[in-house]
Amino acid sequence: MKFTYGSDADTIYAPATPVGRSALAIVRVSGPQTQQVFLQLCGRIPESRKATLSTLRDRTGVPIDQALVLYFPGASSPTGEEAGEFHLHGNMLLVDAFALELEHLGLRLAQPGEFTRRAVLAGKLDLTQAEALADLVEAETTAQRRQAVSQLYGALGDPVLRWRNRLLDALSLIEADIDFSDEDDVGEGLFMSALTIASQVSDEIQTVLRDRGIGERVRDGFRVVIAGPPNAGKSTLLNCLAGRDVAIVTDIPGTTRDVLEVRLDLGGLPVRLFDTAGLHESGDVVEQIGMARANDQLDAADVVLWLKPAVGPDSDQSRIPPPLVAKVIHVLTKVDRLGAGEATIQGTGADVAVSAVSGAGVDALVLAIQQALPVSSVNEGMAITRRRHREALTAAVAALCRLPQGTEENPTDWTELVLWAEDLRQAVFHVGCITGHARPDDVLDRIFTAFCIGK
Ligand code: GDP
């Protein structure tokens with residue numbers, strides 16, 4: 001079912017604080033009826049942008065609550081339209097009674113992200129800043145919080161806007177060349193200047209696209225996959241790192257048949273830790289499906305913990321992981337079962353030795369995982385944080401690559417110039433989609449339905 005927003009002309013309201021008992025519950029209002037709301041419920045319109053203590057009354061004059069209220073007139077408001085905030089006491093019955101009065105005045109509950117959507121439509125925020133706000137609300141680790149804040153302050157939107165402006169400059173040069181194409185000398189050089197700008201922008205975008213997806217990983221979590229033969233101690237290690245019993249542990253090989261996932265904060269970095277089915281020869285159909293899924297996880301991993309038990313049955317397939325793109329940390333497990341003096345990794349080919357039962361070596365393993373993550377440039381400068389950004393930049397580069405790449409290639413006729421102008425226009429469009437300067441119909445709805453109500 002396609003999600004549709006109500007009319008942008010409606011006055012909307014929504015609680016901006018979580019449901020439940022708390023000291024305060026803030027309700028936001030935005031839209032043309034805001035002044036009427038203040039008049040009806042507070043008896044007057046408060047001084048603009050100044051917190052004012054006011055008694056809120058229902059339509060029969062009975063007090064609902066004593067609240068701090070704020071009025072944001074028109075263009076200076078966060079949504080770019082008349083808006084207000086009501087800081088009630090944090091009781092849901094009270095909030096419900098207040099909401100009833102608002103609905104009686106004709107207001108409707110906001111859709112997810114509708115306040116931010118209005119801010120974007122009013123030009124208060126660009127789309128990357130709106131996305132940053134959503135990421136900030138969702139952030140679970142320090143790296144995620146920092147990345148969201150830096151995007152909110154333009155770490156992504158500003159350079160993208162500068163690329164767009166330079167491409168618009170190039171486009172206007174080509175358009176001027178088209179205008180002068182009858183007069184031999186006048187347009188000379190315009191086309192060459194346009195090509196130089198376009199090729200510089202294309203190079204810069206391609207450099208950013210070679211970022212190994214770090215921004216997206218910070219947002220979604222780095223993928224760390226625990227793999228190895230059955231009974232190597234994978235599920236036990238997952239439980240140990242998670243600090244709780246997520247996976248079922250038995251000494252029956254093949255207990256883990258599907259992929260289990262836990263989200264962790266490793267020193268401020270978001271990590272998605274996956275436990276996978278043991279990799280070995282098996283005729284069991286369910287186990288085979290589990291192993292196929294394990295292999296998919298290995299292909300998408302940033303880091304693989306390849307486990308080998310220090311004691312117990314060993315086989316060739318328990319020693320060598322399949323060829324992987326990810327960084328592999330070889331982990332010797334169950335070292336508590338070794339005799340005194342035996343707990344050494346020398347000669348085993350392992351990087352770390354752990355016991356998930358006694359906890360020995362687990363800190364060293366966590367450190368090894370942190371060092372293996374591709375984090376050198378986390379939170380520094382521009383980061384692509386969504387697939388949407390990457391697709392738009394890739395499409396812009398594809399359009400720019402259709403322009404002649406060597407400056408010696410002069411346009412032979414007017415038609416070529418027109419086609420190249422169109423390629424530039426395409427590049428401007430794709431780059432503009434990132435900040436919202438170009439908006440294909442469904443982009444806004446797709447972005448804001450992922451927000452929470454009241455944002
Ligand atoms: P998986 O099949 O690789 O997921 O292995 P499990 O985590 O299910 O463990 C298999 C068996 O080894 C279970 O009986 C665990 O209790 C045991 N085990 C796992 N890790 C350790 C460890 O560090 N020390 C000891 N002594 N036993 C362990």
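Whatever order the structure lists them in is the order used to number ligands and atoms, beginning at 1.
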Report, in ascending order of atom number, the atoms of ligand 1 lying under 4.0 Å from any heavy atom of Ser355. 23 (O)
Is there any N or O on Ala356 that sits under 3.5 Å from an N or O of ligand 1? yes
In sequence, state the C-alpha distance, the side-chain angles, and the governing distance for Ser30 and Glu81, and then conclude on side-chain hydrogen bond (donor to acceptor under 3.5 Å, both in side chains). CA-CA 7 Å; Ser30 181; Glu81 58 183 9; 2.5 Å; yes
Can you check whether Leu237 reaches Leu365 side chain to side chain, under 4.5 Å on heavy atoms? yes
Hey, is Asp336 touching ligand 1 through its side chain, its backbone, both or neither, going by heavy atoms under 4.0 Å? side chain
Per-atom contacts of ligand 1 with Thr236, taking only distances under 4.0 Å to non-hydrogen atoms: 6 (P), 7 (O), 9 (O), 15 (C), 19 (C), 20 (N)
salt_bridge(Arg108, Glu114) N-O dist < 4.0 Å: yes
Which of the listed options, Pro230, Gly233, Ser235, Gly228, holds the heavy atom that is closest to atom 4 (O) of ligand 1? Ser235
Correct closest heavy-atom pair for Thr34 and Glu82 would be OG1-O, 3.1 Å
Using a 4.0 Å heavy-atom threshold (strictly under), name the region of Arg337 that reaches ligand 1: side chain, backbone, both or neither. side chain
The single option from Arg390, Arg223, Arg386 passing salt bridge (Lys or Arg N to Asp or Glu O under 4.0 Å) against Glu216: Arg390
Looking only at atom types and distance, does a side-chain atom of Thr207 sit under 3.5 Å from a main-chain N or O of Asp203, one as donor and one as acceptor? yes
Is there a nitrogen or oxygen of Lys234 sitting under 3.5 Å from a nitrogen or oxygen of ligand 1? yes
Can you check whether Ala232 has an N/O within less than 3.5 Å of an N/O in ligand 1? yes
